[in-house]
Amino acid sequence: MKNVLIYTFLLLSTMSLSAQYSPQTNDQYDNTFVRKGRFMIETGYNLVGGFGTGTGLSILAGDGESITSLGFDGGYMLSEDFALTFKLGLITGEGASLTNIGVGGKYYIAGKVPVSLSLATLSTGDDSTFLGNLSAGYAINLADNITLEPALGIITTSDDGLFEIGATFAMFL
């Protein structure tokens, strides 16, 4: 737990310094790209879980067995800084399946600090549980409509909680 707090402090400090000394601030240039009314599609990688997250399809095969993963993670920008989000994830393999369906919101504080809150259900067919997710990060513009968003978060269930470190690419179409 001590290491988690140290890493969280270091990430937040780095984000704060980066925002203070960034050569491009909103006062220095006219940003003509508008997010309001656009669809947001996300894809990324969860460093804790080791599985790809977000939109995509993956098939892992070996030794006559395979695991198939299909997912969508995205939303709709209601304003320049707020999006309603939706998540759908399906994983099948070895006679078992896992389904994740969730909704939430994502708010960009000052257009640069995405804070996400979502609720989801995780089902294995016979059993299901509810998940809560809270994360915060920093949006680094790679292009007008693409951001890289490293983030820290917490995933909670009724019984337990997990610390999450991840990075997401968000595209606004």
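Along the sequence shown, the residues carry numbers beginning at 1.
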- Hey, does Ser123 have a side-chain heavy atom less than 4.5 Å from the side chain of Ile101? no
- Note on the structure: Across all chains, not counting sequence neighbours, the side chain to side chain contact (heavy atoms under 4.5 Å, CB included) partners of Phe82 are Leu78, Ser79, Leu84, Tyr107
- Rounding to 0.5 Å, atoms CZ (Phe72) and CD1 (Ile41) come to a distance of 5.5 Å
- Message: Show the nearest heavy-atom pair for residues Ala136 and Val115, with the distance to one decimal.
- Response: CB-CG2, 4.2 Å
- Message: Show the nearest heavy-atom pair for residues Pro114 and Ala139, with the distance to one decimal.
- Response: CD-N, 3.7 Å
- Side chain Thr147, main chain Glu149, donor-acceptor under 3.5 Å: no
- Item | Where Thr85 and Gly105 come nearest, the two heavy atoms and their spacing | OG1-N, 3.5 Å
- Message: Minimum heavy-atom separation for Phe33 and Asp144, please, with both atom names.
- Response: CD2-O, 3.1 Å
- Rounded to the nearest 0.5 Å, how far apart are CG of Leu152 and CZ of Phe163? 4.5 Å
- Query: How long is the gap from CD1 on Ile91 to CG on Asn100, to the nearest 0.5 Å?
  - Reply: 8.5 Å
- Item | CD on Glu42 to OG on Ser116, rounded to 0.5 Å | 6.5 Å
- Query: Any link between Leu134 and Ile109 through a network of hydrophobic side chains (Ile, Leu, Val, Met, Phe, Trp, Tyr) touching at under 4.5 Å?
  - Reply: yes
- Is there side-chain contact between Asp81 and Arg35, with heavy atoms separated by less than 4.5 Å? yes
- Indicate the atoms forming the closest heavy-atom contact of Gly132 with Leu119, along with that distance. CA-CD2, 4.1 Å
- Task: Check whether any side-chain heavy atom of Met77 sits under 4.5 Å from a side-chain heavy atom of Val34, and report yes or no.
- Result: no
- Message: Any non-hydrogen side-chain atom of Thr43 less than 4.5 Å from a side-chain atom of Met171?
- Response: no
- Item | Point-to-point distance, once rounded to the nearest 0.5 Å, from CG of Leu90 to CG of Leu70 | 5.5 Å
- Item | From CG (Leu98) to CG (Leu122), nearest 0.5 Å | 4.5 Å
- Taking C-beta and beyond as the side chain, do Glu164 and Asn133 meet within less than 4.5 Å on heavy atoms? yes
- Query: If you take all heavy atoms of Tyr108 and Lys112, which pair is closest and at what distance?
  - Reply: CB-N, 4.4 Å
- Query: Is Leu148 reachable from Ile146 through a run of I, L, V, M, F, W or Y residues, each pair having side-chain heavy atoms under 4.5 Å apart?
  - Reply: yes
